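Just below is one structure, and these are the notes that go with it.
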Number of protein chains: 2
Amino acid sequence: MVTLKQLAKELNVSISTVSKALNNSEEIGEETVKRVKELAELYNYKPNKVALSLKQNKTKTIGVIIPDILNHFLAKVLFGIEREAVKYGYNIITCISNESLEQEKESLRLLANGSVDGFILSIAEETQVKNEIDHFKKAISQGLPIVMFDRVAHDVLCDKVIVDDFDATYNATQSLLVEKRKNIAFISTLDSLSVGKLRERGYRKAVLETNVCEPLVLKIKKKDDQQKKIMSFFKKNTTIDGVVAADSASGIIAINTAVNLGMKVPKNISVIGFASKSDSYHTIPKLTTIRQHAKEIGESAAQLLINRLQNKSGDIDIKTKIVKTTLIKSKSTL
Amino acid sequence: MVTLKQLAKELNVSISTVSKALNNSEEIGEETVKRVKELAELYNYKPNKVALSLKQNKTKTIGVIIPDILNHFLAKVLFGIEREAVKYGYNIITCISNESLEQEKESLRLLANGSVDGFILSIAEETQVKNEIDHFKKAISQGLPIVMFDRVAHDVLCDKVIVDDFDATYNATQSLLVEKRKNIAFISTLDSLSVGKLRERGYRKAVLETNVCEPLVLKIKKKDDQQKKIMSFFKKNTTIDGVVAADSASGIIAINTAVNLGMKVPKNISVIGFASKSDSYHTIPKLTTIRQHAKEIGESAAQLLINRLQNKSGDIDIKTKIVKTTLIKSKSTL
DNA sequence: ATGAAAGCGCTAACAT
DNA sequence: ATGTTAGCGCTTTCAT
């Protein structure tokens, strides 16, 4: 990479002249500006990012820590963050915690050395289970703002972007009740997460408000064979006529299993799942889905952080943004 | 963040003494080292990454440019890259080209200002279609090594990690021929990509080597409704008894469509698709898949780049690593 | 209109 | 054993 120094030498002027010329300072003579810019162009000069960061004490880089990059929802949020960040000239450094508290801590620690101006993150499963939050507080106290999304720690004072998980399953369940479904089951792989608990509660509330329908919940663990679990669940509970799935795979597998067992979807059984558009194509009939607007969540998170970073006074109020889910009716419900 | 300067002041010693003490230099007295380390610990001192980067003229950061973060395969490669990079103390800055040449160029341009030590990337679709490679060559000539994976430009001299796409579909098709399938179709959404072309050729070769089976190819465009296309393809070609799908969604949809049309899988029709383990659970019966070992591809790419970055002499030979696919037999084939 | 110098945080060669 | 200095690339204040 060419430096100001090299340009200055070649042009027989001082470094500061070159710098000023390139920054369109009024101080520098027209002719000089022209010469400088031409040579800079020729050599494809670009100001060294690292030097600028050091000088200005900010990196224009955001640290993003996500639990699992293979989770479609989280990947899509990351996409939204990236899109929004780029707009404002920010880069993102991505770290994957792998749902591990230790790795989450380590990522936070490693980036809290001037590598980034702030963090956007979703909390690892282990962290939520153990309810540890000191590492977040520490980062914030060091002047590195955090924006949490989806899986958040309410005891940490920072901006947050969350989904109306409770309402989402409450409404989804109600829409099945409207279809006169009498035996609506709830299937979830997310029992250990805050969002999973909220989704179950939304379902339970809707069911318990009626007196025609009892809660029926299937919880699937990471290590279980999801297909087998759902298959035997269906075989044991033959009267199920509705399913609300808390994750995308469960909804898809539920439809395929129902079809496989000779049930008609949605004639005999309706299924609603949390899923993206592309996933909803994985079944015939197509899955009715609760869309979380993942990209928008990412964009909002980025906006909140950038806003805070660029706010000189630094004392803007803490915000929690709720991104409402949408129930997209497709062919797996009436 | 605390700096050496602040520590030095508080301890009434010079900055370099503090620096040396913290770096366990032999020069500094035992007692002093102890005092310095204690204060550093107390204040949670961490060397400023930006200053180190400037000083050492390397950032220990890798720029990763991927076309689509929502593509499961690419996300998994990214995962592999991240895992390997972290091991060697590297961070990754992720940029998403969105399959756009312009965005790919821009990402390369923006990071080629000292932000990263090198690149790992997979080429955007538009770039492959237009066959532009100047931006890659430019980066390399500026001293920023590139490692390409999956979608590569053979005319660019750099390390590469690729999949044996041709062999993968050749072998998959052959395994269907061994099952005595007589009408094997090939379904692809990847026609514009180098990998898509290779996969089709592998299929064609296997089919043309027999005289019992004619090539039958369905190409699906981005804007098409994949489900409808496959449905009408099956309805038009009722004798199909085998499918090789070049992408993960097509394989899944093919099974569901076949089942929906009353065919027995794998009794009447066998299906093989490129897919990950988690995707293969989206069908009943489970999909027989060609695994690309995405994580391993990412790890290899990271290794190649880091190797090159840490190789002082800088003149190691260019390597192309081929990661062999594996055909994982499941329940959608005999 | 141009240049010199300081300083961002750090390391390391070179004094003392 | 400790300190001084220079320098990484850049911006900016303060001379000239």
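Residue numbers begin at 1 in each chain, while the letters A, B, ... track the order of the sequences. The shown structure was predicted, so the numbers you read here are calculated from the model rather than taken from an experiment.
At a non-hydrogen distance threshold of 4.0 Å, B/K20, B/E27, B/I28, B/G29, B/T32 from residues 19-33 of chain B come into contact with DNA chain D. Within residues 40-56 of chain B, the residues having any heavy atom closer than 4.0 Å to DNA chain D are, in order of number, B/L54, B/K55.
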List the atom pairs, with distances to 0.1 Å, where a side-chain N or O of residues 19-28 of chain B and a protein N or O form a donor-acceptor pair under 3.5 Å, not counting sequence neighbours.
residue: B/K20; atom: NZ; partner: B/E27; partner atom: OE1; Å: 3.3
residue: B/N23; atom: ND2; partner: B/S19; partner atom: O; Å: 2.9
residue: B/N24; atom: OD1; partner: B/K37; partner atom: NZ; Å: 2.5
residue: B/S25; atom: OG; partner: B/E27; partner atom: N; Å: 3.1

Side-chain atoms of residues 88-98 of chain A: list all donor-acceptor pairs with protein atoms under 3.5 Å, sequence neighbours left out, distances to 0.1 Å.
residue: A/T94; atom: OG1; partner: B/T94; partner atom: OG1; Å: 3.0
residue: A/S97; atom: OG; partner: A/E99; partner atom: N; Å: 3.4

Side-chain atoms of residues 101-109 of chain B: list all donor-acceptor pairs with protein atoms under 3.5 Å, sequence neighbours left out, distances to 0.1 Å.
residue: B/Q103; atom: OE1; partner: A/R83; partner atom: NH1; Å: 2.5
residue: B/Q103; atom: OE1; partner: A/R83; partner atom: NH2; Å: 3.2
residue: B/E104; atom: OE1; partner: B/A124; partner atom: N; Å: 2.8
residue: B/E104; atom: OE2; partner: B/T127; partner atom: OG1; Å: 2.9
residue: B/E104; atom: OE2; partner: B/H135; partner atom: NE2; Å: 2.8
residue: B/E106; atom: OE1; partner: B/R109; partner atom: NE; Å: 3.3
residue: B/E106; atom: OE1; partner: B/R109; partner atom: NH2; Å: 3.2
residue: B/E106; atom: OE2; partner: B/R109; partner atom: NH2; Å: 3.2
residue: B/S107; atom: OG; partner: B/Q103; partner atom: O; Å: 2.9

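For the salt bridge (Lys or Arg N to Asp or Glu O under 4.0 Å) condition, the pairs that include at least one residue of residues 86-96 of chain A, sequence neighbours left out, are A/E84-A/K87.
Taking a heavy-atom distance under 4.0 Å as the criterion, the stretch of DNA chain D touched by chain B extends 5' to 3' from D/dA1 to D/dG9.
A donor and an acceptor atom never sit less than 3.5 Å apart when one is taken from the side chain of A/S14 and the other from the base of C/dA4.
Scanning all heavy atoms of the two residues, the minimum distance from B/V116 to B/I62 falls at CG1-C, 4.0 Å. Closest approach of B/G114 to B/T59, counting heavy atoms only: O-CG2, 3.0 Å.
Side-chain contact between A/L4 and A/Y45 is present, with heavy atoms from C-beta onward closer than 4.5 Å.
Within 4.0 Å of A/T3, counting heavy atoms only, lie sugar-phosphate atoms of the nucleic acid but no base atom.
Straight-line distance from the CD1 atom of A/I15 to the P atom of C/dA1: 21 Å, rounded to whole Å. Between A/L11 atom CG and C/dA1 atom C1' there is a gap of 15 Å when expressed in whole angstrom units. One can place CG of A/N57 at 17 Å from C1' of C/dA6, the figure rounded to the nearest angstrom.
The side chain to side chain contact (heavy atoms under 4.5 Å, CB included) search around A/S16 returns A/S14, not counting sequence neighbours. Remark: A/I318 pairs with A/L157, A/D159, A/R308 by the side chain to side chain contact (heavy atoms under 4.5 Å, CB included) rule, at least two apart or across chains. Residues satisfying the side chain to side chain contact (heavy atoms under 4.5 Å, CB included) criterion with B/K5, sequence neighbours excluded, are B/T3, B/I15. The side chain to side chain contact (heavy atoms under 4.5 Å, CB included) search around B/L74 returns B/P67, B/D68, B/N71, B/S122, B/F149, B/R151, not counting sequence neighbours.
In this structure, the side chain of A/E125 does not engage the main chain of A/S192 through any donor-acceptor pair within 3.5 Å.
Axis angle between the ends of the helix from C/dA1-D/dT16 to C/dT16-D/dA1, five pairs each and rounded to 10 degrees, works out to 60°.
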After noting the C-alpha distance and the side-chain angles of A/K49 and A/T61, does the key distance pass the side-chain contact (heavy atoms from CB on, under 4.5 Å) rule?
-> CA-CA 11 Å; A/K49 176 82 179 299; A/T61 303; 3.9 Å; yes

